[in-house]
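Take a look at the structure set out below.
Because the structure is a prediction, the values reported are computed rather than measured.
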Amino acid sequence: MFSYNNLLDEVQRFCKRGVETGIVGESELGQQIPYVFVGKKNGNYMIVQGAIHAREHLTALVTVCLAKYLVANPSLRLDGGIYFVPMVNPDGVRLCQEGVNWLEDNRRAVNLQEINGGDDFTLWKANAEGVDLNVNFDAKWGEGEQNVFSAAPQNYVGAEPFSAAESRVLADFTTRIKPVVTLSYHLKGEEVYYEFFQNTRRLKRDKRYAEAISSYTGYPVKTVNGSAGGYKDWCIDKLHIPSYTIEVGADEFPHPFPYSQLSAIVAQNEDLPRRLLNTVVRDKKRISQAVDYDKYFE
């Protein structure tokens, strides 16, 4: 399994190669959430994030591999810069992989075991407060069909939007970076999601990019109803940018998802971030030459 300590080791390896790294912020329990930046500092940025759900920790390693691919291929054209945030939910990942033994607060450990219904956390999705980070964003918060309203292994929306440290710092980071597009890696199902109540122009734009993602990965484009409060949703709703959730990994495999599928997943996605960013930047420049890009897509 790819652990939080493994991630910190990988970040150090990037540093030694002269790759920019940094910190998005800290988790509820004070663990740093690192990023790796590859590309140009020219204002055209993308965010690629993984492991916002604890049991989907394989996506953290997938995200690291995508960053490594670009570092290993510097001759590839990249028309902007990509911030890779491999593990948004380090507390949850540690719970999922280690149980409660690493926690210093015994009361928290007991409470989490009660919420979980036992000491096996391998299917846990939430953070260390029992908040599902991907329903804690301010995008029709609390309106999802599967939302719950008390701490749980999954689907708890939190006390209010951005009540969780991890969703709050990711939103702050995103607002500061001002990406032109984002990708969120999840497990499982091999599907691409792009919708969240966009207006007609943005929906058409975002669907076109979703279809390009589908063409590259082989994952079909899907629509979903009754979902709200996700990072993708917030990026679409509040920032008006194209934003995608990609569910990697075949649905035939159960959670915990087998790491034996890593190579296949990476092969299907390794050049996707670069290609998507280049396409968005190209289109943004083309449209801006004729009209005000932001006003055109309002």
Side-chain angles (χ1 to χ4, degrees), residues 47-56 59 88-89 123-127 130-164 167 170-171 174 179 181-255 257 269 272 276 280 297-298:
I47 293 176
V48 179
Q49 61 96 358
I52 199 169
H53 283 147
R55 74 183 185 189
E56 298 168 18
T59 61
V88 175
N89 186 9
L123 300 183
W124 183 268
K125 293 177 72 175
N127 73 350
V131 176
D132 186 327
L133 301 177
N134 209 43
V135 293
N136 189 234
F137 288 81
D138 185 17
K140 295 188 180 294
W141 174 83
E143 297 182 23
E145 291 180 358
Q146 297 183 22
N147 289 168
V148 300
F149 298 92
S150 60
Q154 60 184 342
N155 297 327
Y156 172 44
V157 298
E160 60 185 7
F162 302 122
S163 61
S167 56
L170 181 58
T174 303
V181 62
T182 73
L183 282 178
S184 299
Y185 277 99
H186 286 252
L187 278 168
K188 56 191 174 72
E190 297 186 320
E191 297 171 340
V192 180
Y193 296 99
Y194 72 98
E195 289 184 299
F196 195 75
F197 303 98
Q198 297 100 311
N199 65 26
T200 301
R201 279 179 173 164
R202 287 191 283 124
L203 186 66
K204 183 178 179 180
R205 174 196 67 184
D206 299 353
K207 183 179 182 182
R208 181 163 54 86
Y209 295 143
E211 289 170 344
I213 293 170
S214 176
S215 178
Y216 180 78
T217 61
Y219 306 154
V221 176
K222 296 286 187 177
T223 58
V224 60
N225 297 314
S227 179
Y231 176 66
K232 167 190 72 69
D233 307 333
W234 175 78
C235 288
I236 292 170
D237 190 48
K238 296 300 190 291
L239 305 183
H240 294 180
I241 61 173
S243 185
Y244 301 93
T245 291
I246 301 182
E247 298 278 356
V248 299
D251 219 12
E252 66 191 81
F253 296 101
H255 287 296
F257 198 86
N269 289 271
L272 176 62
L276 180 58
V280 172
F297 285 111
E298 282 180 353

Next on the checklist: Under the criterion side chain to side chain contact (heavy atoms under 4.5 Å, CB included), I'd like the reasoning laid out for Val224 against Glu191: C-alpha separation, chi angles, the key distance, then a yes or no.
Outcome noted: CA-CA 11 Å; Val224 60; Glu191 297 171 340; over 6 Å; no
Item to check | Separation of Phe196 CZ from Leu203 CG (nearest 0.5 Å) | outcome: 13.0 Å
Checklist entry - Considering all heavy atoms of both residues, which atom of Glu190 and which atom of Pro220 are nearest to each other, and what is their separation? => result O-CD, 3.1 Å
Checklist entry - Taking all atoms of both residues into account, what is the closest heavy-atom pair of Ala54 and Asn89, and its distance? => result N-ND2, 3.7 Å
Checklist entry - What heavy-atom pair brings Gly158 and Trp141 nearest, and what distance separates the two atoms? => result O-CZ2, 3.1 Å
Next on the checklist: Can you tell me how far apart NZ (Lys188) and OG1 (Thr59) are? Round to the nearest 0.5 Å.
Outcome noted: 14.0 Å
Item to check | Aromatic ring proximity Phe137/Phe162, centre distance under 6.0 Å | outcome: yes
Checklist entry - Val248 versus Tyr219: any side-chain heavy-atom pair under 4.5 Å? => result yes
Next on the checklist: Just verifying a value: how many Å separate Ile246 CD1 and Tyr194 OH, rounded to the nearest 0.5 Å?
Outcome noted: 14.5 Å
Checklist entry - Step by step, would you call Ser227 with Tyr193 a side chain to side chain donor-acceptor pair (under 3.5 Å)? => result CA-CA 11 Å; Ser227 179; Tyr193 296 99; over 6 Å; no
Item to check | Inter-residue atom distance Gln198.CD - Arg205.CZ, 0.5 Å rounding | outcome: 8.0 Å
Next on the checklist: Tell me whether the count of non-hydrogen atoms from other residues, nucleotides or ligands lying under 6.0 Å of NZ in Lys204 goes above 12.
Outcome noted: no
Checklist entry - Is Val48 close to Tyr185 at the side-chain level, that is, under 4.5 Å between some pair of heavy atoms? => result yes
Next on the checklist: With side chain to side chain contact (heavy atoms under 4.5 Å, CB included) as the criterion, how do Tyr231 and Val88 come out once you've worked through the C-alpha distance, each side chain's angles and the decisive distance to 0.1 Å?
Outcome noted: CA-CA 11 Å; Tyr231 176 66; Val88 175; over 6 Å; no
Checklist entry - Going by atom types only, do Ser163 and Asn136 share a side-chain donor-acceptor pair under 3.5 Å? => result yes
Item to check | Minimum side-chain heavy-atom gap Leu187-His255 below 4.5 Å | outcome: yes
Item to check | Distance in Å, Ser243 OG paired with Ile47 CD1, rounded so as to fall on 0.5 Å steps | outcome: 9.0 Å
Checklist entry - Quick one: CG on Asp237 to CZ on Phe197, what's the gap to the nearest 0.5 Å? => result 9.0 Å
Checklist entry - Name the one of Gln146, Arg55, His53 that satisfies side-chain contact (heavy atoms from CB on, under 4.5 Å) with Gln154? => result Arg55
Checklist entry - Hey, does Leu170 have a side-chain heavy atom less than 4.5 Å from the side chain of Leu133? => result no
Item to check | Worked check of side chain to side chain contact (heavy atoms under 4.5 Å, CB included) between Tyr209 and Val181 | outcome: CA-CA 10 Å; Tyr209 295 143; Val181 62; 5.9 Å; no
Checklist entry - Nearest heavy-atom pair of Ala164 and Val131: which atoms, and what distance? => result CB-CG1, 4.1 Å
